[in-house]
Amino acid sequence: MALLARHDRMYNESLRTLVTVNDGIATVRVELDVGHPVAERQSTDLAVGVLYSLIRELAGHSWRPLSVCFAHPPPEDDTTATSTASPSSRPIWIAP
């Protein structure tokens, strides 16, 4: 995780991947910095999905996050979001 975060600009120059570890649990935060104000929701959600897939590919398909959280309410139809996650790591929608 630290290696991915340290080199995040190599695979996306607008991506900031922040990793913290407390009590043996790693938390990964994804932020986008495109240099000017934009509607980031779709881009951030895509970045989270790509990072999820990248970690899963590198760590193996048995890897399961404890949770995947988004800082916005759920979409009207969350079928796509929930179908790509494992039952133990369904998205958590957090309304601001």
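The figures here come from the full heavy-atom set of this structure, side chains too, leaving out hydrogens, waters and symmetry mates. Not measured: the values here are computed from a predicted model.
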Which atom pair, heavy atoms only, marks the closest approach of Y52 to W63?
O-CZ3, 3.9 Å
Do the side chains of V19 and T27 get nearer than 4.5 Å, heavy atoms only?
no
Note: H61 and R56 closest approach over all heavy atoms is O-NH2, 3.4 Å
If I take atom CZ from residue R29 and atom OG1 from residue T44, how far apart are they, to the nearest 0.5 angstrom?
10.0 Å
Under the side-chain contact (heavy atoms from CB on, under 4.5 Å) test, which residues partner L58, sequence neighbours left out?
L4, L54
Between L18 and I55, is there shared hydrophobic-cluster membership here, with clusters defined by ILVMFWY side-chain heavy atoms closer than 4.5 Å?
no
